[in-house]
K.L.:
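Quick one: the structure is below, and I'll ask about it shortly.
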Amino acid sequence: MEASIESSGRDSISDAFVKASDTDVQDITCIDKKSFTCDVCGKEYSQKHNLLRHLRSHTNEKPYSCDICNKKFSEKCHLKEHYHKHGNEKPFSSDAYSQKFSLKREGLNCTDKKLFTCVICKKEVSRKRDLYRHCLTHTKEKPYSCEVCKSQFSLKQSLKVHLRTHTNEKPFSCETCGKKFSRTNDLKVHYRTHTKEKPFSCDTCGKKFAHKIRLTIHIRSHTNEKPFSCDTCGKAFSDKTNLKQHFLSHTNEKFYSCNTCGREFYRTCDLNRHFRTHTNDKPFSCNICGKKFSYKSSLKIHIHVHTSKKPFACDTCGKEFSQESSLKPHFLTHTNEKFYSCNTCGKEFSRKSNLNRHFHIHKN
């Protein structure tokens, strides 16, 4: 699918926000001709070295390593920024440093020189296109629009990535399982399912996550923040996804149905859990005794048997229980409510287990 990219006012924006430094850059011509194309995703470049650098996003090659901690990077500039974490402004001798990081434009040596400054926040960048991108954060302008769905974007590259949602193009594939993605970032995040890497940790409880958004949502469990509320009933949620699923309860739309029994569900995760009632699949096992469970919540409750932890306490007498299901019938002993009655003699009980024991009297 081909879609034209509309742009307006780019030069005026850049002129409004660009403030050149005292460094005089002369005789630098910008040729818009792009003769180098990526065979994987089709992205085009006007210079070969930019194409070679882009290819590393597909190969995950990281040729630049830190001399101090051996951490590897795909680009020189990322390595350079990394050295600041060690408190080392220039980790090489002047000659070596120049060889590694100097940028040569028509004989002009621009080692770490910041040529362009934003007049709004005074941020400095070395390239004019980087300044233009930065300026859009102030103007909120989105000059690139999709002809298919009319969505608008600040950057041309963002529009190109978006168009793949219409063409279903997925040029980035996982070397381990072959799963394909439309964005390199999605592929990088997917790799963590194989490496089990969880780089984001909660400062409060230490729990780790593979995705930053999952950490953000988790932190709300500590702050009790619920920024997403239902317009119909006012119920609030910490996760936007949960709000969307909740909204279906008002429309009574159930998009997911079981192929075995036909039961319908609002969410795919609920359907997947339901499948286990047919397959008897128990993917969650106890590390201590090996007992298996169909649901993660059941495993969490079971763990209390080994730890002797009793997180559920009665508000009336203080008696503690390891399972919430045990607390509920106990509470009835205080209210004297009896929901279970014997069909033979009519005697009532507050707990089903007591009714079952009572049945033996009639059997004998």
Side-chain angles (χ1 to χ4, degrees), residues 164-165 168-170 172-202 205 207-222 225-230 232-233 235-306 311-312 322-325 328:
R164 294 174 189 150
T165 61
N168 201 30
E169 181 188 1
K170 296 180 179 180
F172 311 105
S173 60
C174 175
E175 295 176 353
T176 304
C177 65
K179 190 173 181 179
K180 295 184 177 182
F181 301 87
S182 59
R183 301 188 305 173
T184 52
N185 187 59
D186 292 339
L187 175 59
K188 289 178 181 178
V189 171
H190 165 76
Y191 271 131
R192 294 174 191 151
T193 61
H194 300 298
T195 62
K196 306 300 180 184
E197 181 189 3
K198 295 181 178 182
F200 307 101
S201 60
C202 176
C205 65
K207 191 173 182 180
K208 295 184 177 181
F209 299 87
H211 312 295
K212 189 175 182 179
I213 184 61
R214 299 315 306 174
L215 171 61
T216 302
I217 294 171
H218 164 77
I219 289 175
R220 293 172 187 152
S221 66
H222 298 299
E225 181 189 3
K226 295 180 179 180
F228 308 102
S229 59
C230 176
T232 305
C233 66
K235 190 174 182 180
F237 299 87
S238 59
D239 187 354
K240 192 174 183 179
T241 303
N242 291 338
L243 172 60
K244 289 181 179 180
Q245 298 296 338
H246 162 78
F247 185 73
L248 297 176
S249 64
H250 296 299
T251 61
N252 202 30
E253 293 180 82
K254 296 181 179 180
F255 296 103
Y256 310 100
S257 61
C258 175
N259 294 329
T260 304
C261 65
R263 187 177 175 183
E264 296 179 330
F265 299 88
Y266 297 116
R267 303 184 301 178
T268 52
C269 59
D270 294 334
L271 174 60
N272 293 335
R273 280 197 294 266
H274 166 76
F275 270 136
R276 296 173 194 149
T277 61
H278 300 299
T279 62
N280 199 29
D281 184 26
K282 296 181 178 181
F284 307 101
S285 59
C286 176
N287 294 330
I288 301 173
C289 66
K291 189 174 181 179
K292 295 184 177 182
F293 300 87
S294 299
Y295 309 106
K296 193 174 183 178
S297 58
S298 301
L299 174 59
K300 286 183 177 180
I301 295 172
H302 165 77
I303 292 294
H304 297 154
V305 175
H306 301 295
F312 306 101
S322 59
Q323 298 182 8
E324 189 177 11
S325 58
K328 289 181 178 179

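Predicted model only: the values in this text are computed from it and were never measured.
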K.L.:
What I'd like to find out is whether the side chain of L243 reaches to under 4.5 Å of the side chain of K226, using heavy atoms alone.
P.N.:
no
K.L.:
Let me have the donor-acceptor pairs involving side chains of residues 193-202, under 3.5 Å, with sequence neighbours excluded, atom names and distances please.
P.N.:
from, atom 1, to, atom 2, distance (Å)
T193, OG1, H190, O, 2.6
H194, NE2, H190, NE2, 3.2
T195, OG1, Y191, O, 3.3
T195, OG1, E197, N, 3.4
K196, NZ, T193, O, 3.4

K.L.:
Using side chain to side chain contact (heavy atoms under 4.5 Å, CB included), reason through R192 and K188 one step at a time and then give a plain yes or no.
P.N.:
CA-CA 7 Å; R192 294 174 191 151; K188 289 178 181 178; 5.7 Å; no
K.L.:
Minimum heavy-atom separation for Y295 to F284, with atom names?
P.N.:
C-CD1, 3.5 Å
K.L.:
To check you understand the geometry: which heavy-atom pair defines the closest contact between S285 and G290, and what is its length?
P.N.:
CB-O, 4.3 Å
K.L.:
Taking all non-hydrogen atoms of both residues into account, name the closest pair between P227 and S238 and its distance.
P.N.:
CD-CA, 4.0 Å
K.L.:
Starting at CD1 of I288, measure out to NE2 of H302 and round the result to the nearest 0.5 Å.
P.N.:
7.0 Å
K.L.:
Hey, does the side chain of S221 reach the backbone of I217 with a donor-acceptor pair shorter than 3.5 angstrom?
P.N.:
no
K.L.:
Rounded to the nearest 0.5 Å, what separates atom CG in L215 from atom NZ in K212?
P.N.:
8.5 Å
K.L.:
Closest heavy-atom contact between K235 and H246?
P.N.:
CD-CE1, 4.1 Å
K.L.:
Let me confirm one number: the CG-CZ distance from D239 to R214, rounded to the nearest 0.5 Å.
P.N.:
5.5 Å
K.L.:
Within this structure, what is the CD1-NZ distance for the pair I213 and K240, rounded to the nearest 0.5 Å?
P.N.:
10.0 Å
K.L.:
Search all heavy atoms of C258 against all heavy atoms of F275 and return the closest pair with its distance.
P.N.:
SG-CE2, 3.9 Å
K.L.:
Atom NZ of K291 and atom CG of L299: how far apart are they, to the nearest 0.5 Å?
P.N.:
10.5 Å
K.L.:
Determine the minimum heavy-atom distance between S294 and R276, stating which atoms define it.
P.N.:
O-NH1, 2.7 Å
K.L.:
For the pair R164 (side chain) and S182 (backbone), establish whether a donor and an acceptor sit closer than 3.5 Å, ignoring hydrogens and angles.
P.N.:
yes
K.L.:
Rounded to the nearest 0.5 Å, how far does CD of E264 lie from CG of L271?
P.N.:
10.5 Å
K.L.:
Using the side chain to side chain contact (heavy atoms under 4.5 Å, CB included) criterion, which residues pair with K300? Sequence neighbours excluded.
P.N.:
K296
